[in-house]
Protein chains: 2
Amino acid sequence: MSQKLPNRDAVSYGEAIRSKSVRVTKHRLLIMTALSHERLPISIRDLTKKVRSCNESTLYRSLESLVDAQLVRRVHLDGAAARYELSIDRPHHHHIQCVRCGLIQDVDICVRSKEEAVLRSTPAFASVVDHSLEFFGICKPCASR
Amino acid sequence: MSQKLPNRDAVSYGEAIRSKSVRVTKHRLLIMTALSHERLPISIRDLTKKVRSCNESTLYRSLESLVDAQLVRRVHLDGAAARYELSIDRPHHHHIQCVRCGLIQDVDICVRSKEEAVLRSTPAFASVVDHSLEFFGICKPCASR
DNA sequence: AGAGTATATGCAAATTATTTGCAAATAGCG
DNA sequence: CGCTATTTGCAAATAATTTGCATATACTCT
Ligand SMILES: [Mn+2]
Ligand SMILES: [Mn+2]
Ligand SMILES: [Zn+2]
Ligand SMILES: [Zn+2]
């Protein structure tokens, strides 16, 4: 799971962005490149430290666009702030976080195959377009302490 | 799925709370009773309107305790604010929300059976204690509009 | 390449969400 | 009932997210 960050170049992200009919801007490229350097979902607060040239409002607005375009995923773990990670270049996945120390790791379990069952059980819905899935546990160091 | 709110009395919630070695207070009983009247996860902002006698700080702190005690679940759907729902009196479940209109419905699909696989794929973790799972889709009215 | 238009960004301010300190109130225990 | 650990109210701090508006920029068309 995870690891092996392809670290593509900005041009390549430009193509990815354009293909979703989202405007390719300097900031969006910077944001996606910054995210590509992260191994785990990062909060906007932390991202501002990595993309200094980008105003915080722009971060919020750009990430919103990128999430809509499915180039980035928004993840809710502990704490009130959302975190973000690239959703291209690495396989779709989810996370597990230690409730004691906050450690986060990727996990490759997914529920996409359950979407059909979801639709069967909720006749009010016509389709499933996305899902969020996060596990919480206790990491080994915390368990043996 | 869902529906059929047992609407138990405060005494009964008192026992549930005590059984988790959490102090039984007037506010906690009021909060759990208020939650028992909700069909869907509710934000703290909305909950303050239902539990007028309870200070907002108390709501935050009480809900934190109740979540820790697993009597309440915290749910992240659209928007920045967390929502809360009782986690007793009705079976463990998750939700699906329409990305167009915000409609929320309960879903009985779950991933508990995948926890073992999660542990196998993340050797750094000793146990899984919880998970969050939410689906997003398009409801039929929105789909045919 | 240049003009025109829709969209993005900076900046400051507003709003919303959550957390905290501390004194007073209360629950649980004997 | 009296004691002690917790909880609560209140006000204030902090954190997170959103918004208005003037300016800058991306993309389309010529
Ligand atoms: Mn990840
Ligand atoms: Mn529910
Ligand atoms: Zn998935
Ligand atoms: Zn579940």
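As the structure is a prediction and not an experimental result, all values here were calculated from the model. Order of the sequence lines fixes the chain letters, A, B, ..., with proteins taken first and strands second; residue numbering starts at 1 for each chain.
- Counting only heavy atoms from C-beta outward, the side chains of B:T25 and B:T58 never approach each other to under 4.5 Å.
- The base of C:dG28 has none of its N or O atoms less than 3.5 Å from a complementary donor or acceptor on the side chain of B:R18.
- Nearest heavy atoms, B:G14 versus B:L29: N-CD2, 3.4 Å.
- Non-hydrogen atoms lying under 4.0 Å from DNA chain D are contributed by B:A80, all within residues 65-83 of chain B.
- Annotation for A:K50: atom NZ does not count as buried by contact number, only 12 or fewer foreign heavy atoms lying within 6.0 Å.
- Residues from residues 43-59 of chain A placing a heavy atom under 4.0 Å of any atom in DNA chain D, listed by number, are A:R45, A:E56, A:S57.
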Inset, instruction - Quick one: do B:S53 and B:L30 satisfy side chain to side chain contact (heavy atoms under 4.5 Å, CB included)? Show the steps, please. - result: CA-CA 9 Å; B:S53 69; B:L30 283 173; 3.4 Å; yes
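- Each of B:V24 and A:S62 was matched to the nucleotide of DNA chain C holding its nearest heavy atom; the match closer to the 5' end belongs to A:S62.
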Which donor-acceptor pairs under 3.5 Å do the side chains of residues 123-139 of chain A make with protein atoms, sequence neighbours left out?
| from | atom 1 | to | atom 2 | distance (Å) |
| --- | --- | --- | --- | --- |
| A:D130 | OD1 | A:R73 | NH2 | 2.9 |
| A:H131 | ND1 | A:E115 | OE2 | 3.4 |
| A:H131 | NE2 | A:H92 | NE2 | 3.0 |
| A:H131 | NE2 | A:H94 | NE2 | 3.1 |
| A:E134 | OE1 | A:H95 | N | 3.1 |
| A:E134 | OE1 | A:H95 | ND1 | 3.0 |

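- Distances shown here put a side-chain N or O of A:R28 below 4.0 Å from the OP1 or OP2 atom of C:dA8.
- Distance, A:R23 CZ to C:dA8 P: 6 Å, rounded to whole Å.
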Inset, instruction - Report the C-alpha distance between B:D89 and B:Y13 in whole Å, list the side-chain angles of each, state the deciding distance to 0.1 Å, and finish with yes or no for side chain to side chain contact (heavy atoms under 4.5 Å, CB included). - result: CA-CA 10 Å; B:D89 285 356; B:Y13 285 126; 3.0 Å; yes
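- In this structure, CG in B:L35 is found 10.5 Å from OH in B:Y84, a value given to the nearest 0.5 Å.
- The residues A:R83 and A:D78 are annotated as salt-bridged, a charged nitrogen and a carboxylate oxygen being separated by less than 4.0 angstrom.
- A salt bridge does not link B:E85 with B:R90: none of the charged nitrogens is closer than 4.0 Å to a carboxylate oxygen.
- Shown here are the salt bridge (Lys or Arg N to Asp or Glu O under 4.0 Å) partners of A:E64, two or more places apart in sequence or in another chain: A:R74.
- In this structure, the side chains of A:L86 and A:V72 come closer than 4.5 Å at one or more pairs of heavy atoms.
- Taking the side chain as every heavy atom from C-beta outward, B:S144 and B:K140 never approach each other to under 4.5 Å.
- Put simply, chain B comes within 4.0 Å of DNA chain D, heavy atom to any atom, from D:dA5 to D:dT17, going 5' to 3'.
- For the pair B:V111/A:V111, a side-chain contact is recorded, criterion being any heavy-atom separation below 4.5 Å from C-beta on.
- A:L63 has its CG atom 13 Å from the P atom of C:dA8, to the nearest Å.
- Taking every heavy atom of residues 97-104 of chain B and every atom of DNA chain D, no pair lies under 4.0 Å.
- Per the geometry, OH belonging to A:Y60 stands 11 Å off C1' belonging to C:dA17, to the nearest Å.
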